[in-house]
Asks: 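Right, I'll just put the structure down here and ask away after.
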Amino acid sequence: MVPLSYYLILSALLFSIGTVGVLVRRNPLQMFMSIELMWNAVNLSFITFARQYTNMAGHVFVFLVITVAAAEVAIGLAIIVVVFRTREHADVDELNAMKG
Amino acid sequence: MAAVIIIVIKGLILAVLLLTAFGVLTLTERKVLGRFQFRPGPNRVGPGGSFQFLADGLKLMLKEEIIPNGADRFVFLLAPTISLVAALFAFAVIPWGPPIHLFGQTIPMEIGGPNVGILFLFAITSLGVYGLILGGWSSQNKYSLLGGLRSSAQIISYELAMGLSVVGVLIAAGSADLNNIVSAQTNLWFIVPQIIGFLIYVVCMVAETNRAPFDLPEAENELVAGYHTEYTGMKFAMFFMAEYINMVTVSSLATTLFLGGWHGPWLPPEIWFIIKVAAFMFFFIWLRATLPRLRYDRLMAFGWKVLLPVALANALATAVWVSVVAR
Amino acid sequence: MVSTVVFWLAAAVAIVGAGGVLLAKHPVHSALSLVLNLAALGVLFLLLHAEFLAVVEILVYAGAVMVLFLFVVTLLMAGTKTPRDEGRFRLAYQYLLAGLFGLILFVLVAHALVGADWMSSLAATNAGGSFGSIAAFGTALFTKYLLPFELTAVVLLVAVIGVIFLGREHGATRK
Amino acid sequence: MNFPVINPLSVLPEIILLATSIVALFIALFLPDRRGHQLNYLGLVGVLAAIAVLPMLWAKVEVGFGGAIVSDHFALAMDAAILVSALAAFLLGLREVEPGADYVALVLWAALGMMVLTSAVELLSIFLGLEVLSLPLYVLAGFRRDRTTSKEAAMKYLLMGAFSSGIFLYGLAFLYGATGKVSLASIQAAILQNFTSHPLFLEIGAGLVAVGLAFKLALVPFHQWVPDVYEGSPTPVTAFMSVGTKAAAFGALVRILTVALPAGIVHWQPLIAFLAVLTLLFGNLAALRQTNMKRMLAYSGIAQAGYLVVAIAANSQMGVGAGMFYVVAYAFMNIGAFAVVAALSGQNEEGAEIASYRGLAYRRPWLAVSMTVFLLALASIPPLVGFPGKFYILRAAVSSGGVLLAIAIVVGTMISLYYYLRPVLLMFTHSEETESPFPATAHWTAHVTVGVMLAGTLVLGILPGLLTGPLQNAVHAIYGL
């Protein structure tokens, strides 16, 4: 049996990788995927904690997170398509209609 | 350890059976279609053409493997693999007979039976979509891409109605474990109380497997041959196998959910199961011989505007029935 | 014993998948890596007695959300074989900073977790019979956590209306 | 199965908003062109109805959904600020966004999420509140799909919003992991009884929650998205989200940090205080060099969020009360300023540049004078509402020993005088140009908005006691949990 803290450390590692991905990648789709990676790392934490306390709240939380993530992805991808329908490359650094 | 070995053995047996079923099915389809269309069908190889499927298989294996120039090689090879693996795995949770007793052990007739069996099946089949979309994309061919996108959109859309049509059965059986669902039908098959769910399921199952009259992804006149235009030889064969194994799987699920699974008088349960599945397979072929192809927008509108609301209403009505009337 | 092996395998696959998201050049490869990661997470969920959520994770995330991603990626990226080089020199300091930030975040959190020695001792507690089952899950969802559940309805409505608005052809709404 | 007591009274304003949105969507099915003013007025009526029930609910604390949500004085006061900003989204929306049922519904849902966020007392509902708030705003930011700036604003907001939600969520996971509880009251109880599995979990949880909400509050260094999003979004949406989101995030931060985690104060207070000082100095300095009115207001909004967070850093009942007063004050001043911008610009935001305000006082005296009042209020010149607001925060900071915080407020305010007064002077400078860069007329609803906000700014500035009395109750309410 693997100690539960291993799961949490794995989750922290995945979350950090996701964070770095958001900061490093310039393609909005890949940034968005990195964000999904972060959310899923959090899910792993929730389930581990739920197992620790044998408490269903963590499970319900994960279920809700998955639902919300699905909705967020739908909206997010729609926005990305609207922005990049007319462009050749998808790169957030090229979004410079406003000086920032 | 014994448990692991048993699972491996069952898996191997099942894989062999499914692949054999694939061979037999292709032959049957060609023969039966021939009869429907007043022609003999394949009749040269072996007695009455019965070795035709071996010849077909040999041909596919010996054909030159072509990978299009500019294709993403890794993804191009991955796509048919995903399709086939997903198709084979999905069958794992279907109980095709009552548990048997062998060498002092009780062996259930499915490979793995998590208590969320039916959801597992849906989860695995939902992964099969990757094969189509990746195959279409990696070919670097716009017909393939459009075909892949079309078929995956179709599958995702009909998956919703399919899932909802099954909810009625789950509520009535009070379990998501396929074994419990089968045993809940000892007296009355669910096709009687859940006839609406059954009809929706049947429509969806045809759409899910991309078969006529829902075989738009392969519509030759507009898409050449859909997502597998660029595929040849074994890689094409894998897509082909996946399609037929998926047909077997959805038919088996229909049998399990609505037709009492392996229940039946006189004959051994496994035979009953095979008879019921075979009936569905014949139905698939019959449809292909009879119906013309739908238009894409009609297909999507039908799925979203008819099947989904009706399935939802059916689930709701079942829930009300179970919680108010039947209690 | 078996579960230990499975954990390490799944963890390795999850990390490889995450690394793929981070490093892959083409978004399609990123998406596939993420699917790999999600599948590994599903296995880990199973080890933690969350059967239902393991299946939901695969069904919704891998089966629907990521397919949506692939749709958009393949459509937006059609024709561009590989996206252009990401300007390594211009962004070198950004990579460095981000890497440093991620490292600090990880070390900070991991430090807290490694110190949590009680975790290993409590991990052996037997999960109650109904823990993780669909019945226990449904009961919790529909009674104790009814409000958040109702709110997801609003979230889904937002998604439907928002996407319909965004997806409508441009000329259709504005003269 | 024990079903929880739902108690519809606890979510009555939320129900009203939801019902209005559904009605609007249904009506839209039968409207010939699906765009038009009728639905916008329907949304307006819905928000007014929700405002109307607030005093009715004031009498009694209502607990709903088995303790997941509480409609106490604190929640109701925040709801008021949120609903006022939603009102502005409808009143100002007629000209710039061509509102349809989608606009109406999205604004109502965002307001609903904000209200849930301020009144939820359990982690799951708090998270859902945050998402119900965020998702509609992503779409609303991109509501002018024909404008590149609007589309880009939507995408930047989306990416930063989802990123920050992830961080926030991780924080919630650690709060849950530290105690195994999800309701704020039981987390607090567990901490007070020293039943936490690991003390570091609470610190990390509080830190990540604070960072996640810092994105929503636009605190430095999590503010980079703000100017672009505020500039690119349609002006009514900007007015709505700048105030509503801040009120909601402030409410959640107060509930989580000062109510559920008072024991961890030593850990999160330095972080919050540090963010506050950084925000005050940077926000005000960056506002100095802006030439676009909306961008200037965006940076000013960042700075204003800094004042708000000082109130939290003070971690006292006085501080929370001061913060609540400031939220209401900020609603009037800031929405007023955006209302003038919206009234001046037409469909395409012609002349959002500060330079084009030159000589406005001679062409549009009413709007110019109103703008002057709002900018002076933001600069906290007495006797306008910004002055008592900042005074209360200053008092709370000093009395909790935060001398450095107080100094930062004073320095920030002094810097801000320059950029708030520059447009004022410009408006009263005689301009040679006869051609106005602004379209001739504004919709009457814009004038109504300006008038209402002007009244609020003046009345509450002269008689702050009208608000401080009830707010005192509100403060007792959340600490009495």
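Lettering of chains follows the sequences in order, A, B, ..., and the numbering in each one begins at 1.
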Asks: So which residue, C/Leu53, C/Thr152, C/Leu156, ends up with the most heavy-atom pairs under 4.5 Å with chain A?
Replies: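 Of C/Leu53, C/Thr152, C/Leu156, C/Leu53 has the most heavy-atom pairs under 4.5 Å with chain A.
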Asks: Of all heavy-atom pairs between C/Gly17 and C/Ser33, which one has the smallest distance, and what is that distance?
Replies: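 Between these two residues, the closest heavy atoms are O-CB, 3.2 Å.
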Asks: How close do C/Ile58 and C/Ala39 get, counting heavy atoms only, and between which atoms?
Replies: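 Closest pair (atom of C/Ile58, atom of C/Ala39, distance): CD1-CA, 3.8 Å.
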Asks: Yes or no on ring-ring contact (aromatic ring centres under 6.0 Å, His included) for C/Phe52 and C/Phe45, after CA distance, side-chain angles and deciding distance?
Replies: CA-CA 9 Å; C/Phe52 176 65; C/Phe45 286 9; over 10 Å; no
Asks: Checking heavy atoms, do the side chain of C/Leu23, its backbone, both or neither come under 4.5 Å from chain A?
Replies: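 The backbone, not the side chain.
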Asks: Under 4.5 Å heavy-atom distance to chain A, tell me which part of C/Ala64 shows up: side chain, backbone, both or neither.
Replies: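 Neither the backbone nor the side chain of C/Ala64 comes within 4.5 Å of chain A.
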Asks: Please classify the contact between A/Ile75 and chain C as side chain, backbone, both or neither, with a heavy-atom cut-off of under 4.5 Å.
Replies: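 Both parts, backbone and side chain.
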Asks: Count the heavy-atom pairs under 4.5 Å between each of A/Ile17, A/Thr19, A/Ile47 and chain C, then report the option with the highest count.
Replies: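 Greatest number of close heavy-atom pairs with chain C: A/Ile47.
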Asks: Please find out if less than 6.0 Å separates the ring center of C/Tyr145 from that of A/Phe61.
Replies: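 When the ring centroids of C/Tyr145 and A/Phe61 are compared, they turn out to be at least 6.0 Å apart.
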Asks: So for A/Ser34, is it side chain, backbone, both, or neither that comes closer than 4.5 Å to the heavy atoms of chain C?
Replies: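 Both backbone and side chain of A/Ser34 come within 4.5 Å of chain C.
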Asks: Give, as side chain, backbone, both or neither, the part of C/Leu41 having an atom under 4.5 angstrom from any heavy atom of chain A.
Replies: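 Side chain only.
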Asks: Hey, are the side chains of A/Asn40 and A/Leu37 touching, using non-hydrogen atoms and a 4.5 Å cut-off?
Replies: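 Side chain of A/Asn40 against side chain of A/Leu37, heavy atoms only: no contact under 4.5 Å found.
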Asks: Heavy-atom distance under 4.5 Å to chain A: side chain of C/Val60, backbone, both or neither?
Replies: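 Contact with chain A is through the side chain of C/Val60 alone.
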Asks: Could you tell me which non-hydrogen atom of C/Ala140 sits nearest to which non-hydrogen atom of A/Met56, and how far apart they are?
Replies: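 Here C/Ala140 and A/Met56 meet closest at CB-CB, 3.9 Å.
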Asks: Counting C-beta onward and ignoring hydrogens, is there a side-chain heavy-atom pair between A/Trp39 and A/Val68 closer than 4.5 Å?
Replies: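 Of all side-chain heavy-atom pairs linking A/Val68 with A/Trp39, at least one is under 4.5 Å.
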Asks: Do the non-hydrogen side-chain atoms of C/Val6 and C/Val43 ever get within less than 4.5 Å of each other?
Replies: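 The answer is yes, as the side chains (C-beta and beyond) meet within the 4.5 Å cut-off.
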Asks: Sort out for me which of A/Ala70, A/Gly18, A/Ala69, A/Ala57 touches chain C most, counting heavy-atom pairs under 4.5 Å.
Replies: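 It is A/Ala57.
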Asks: Identify which part of C/Leu22 has an atom lying under 4.5 Å from any heavy atom of chain A, answering side chain, backbone, both or neither.
Replies: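 Contact with chain A: backbone and side chain both.
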Asks: What part of C/Val160 lies closer than 4.5 angstrom to a heavy atom of chain A: side chain, backbone, both or neither?
Replies: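 Contact with chain A is absent: no heavy atom of C/Val160 under 4.5 Å.
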Asks: C/Trp8 and A/Tyr6: aromatic ring centres closer than 6.0 Å?
Replies: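 Under 6.0 Å, so yes.
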Asks: Please classify the contact of C/Phe7 with chain A as side chain, backbone, both or neither, using a heavy-atom distance under 4.5 Å.
Replies: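 The side chain, not the backbone.
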Asks: In terms of heavy-atom pairs under 4.5 Å, which option from A/Val73, A/Ile79, A/Leu64, A/Leu13 contacts chain C the most?
Replies: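 Result: the option with the highest number of such pairs is A/Leu13.
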Asks: At a heavy-atom distance under 4.5 Å, which candidate from C/Val163, C/Leu48, C/Leu141 has the highest pair count against chain A?
Replies: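 Greatest number of close heavy-atom pairs with chain A: C/Leu48.
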Asks: As an exercise: rank C/Ala31, C/Gly19, C/Gly162 by heavy-atom pairs under 4.5 Å with chain A and give me the winner.
Replies: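 With the most close heavy-atom pairs to chain A, the winner is C/Ala31.
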Asks: Where is the tightest heavy-atom contact between A/Met33 and C/Leu34, given as atom of each residue plus distance?
Replies: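 It is O-CD2, 3.7 Å.
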Asks: Under 4.5 Å, counting heavy-atom pairs only, tell me which of A/Gly21, A/Ala71, A/Gly76, A/Gly58 racks up the most with chain C.
Replies: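 Most heavy-atom pairs under 4.5 Å with chain C: A/Ala71.
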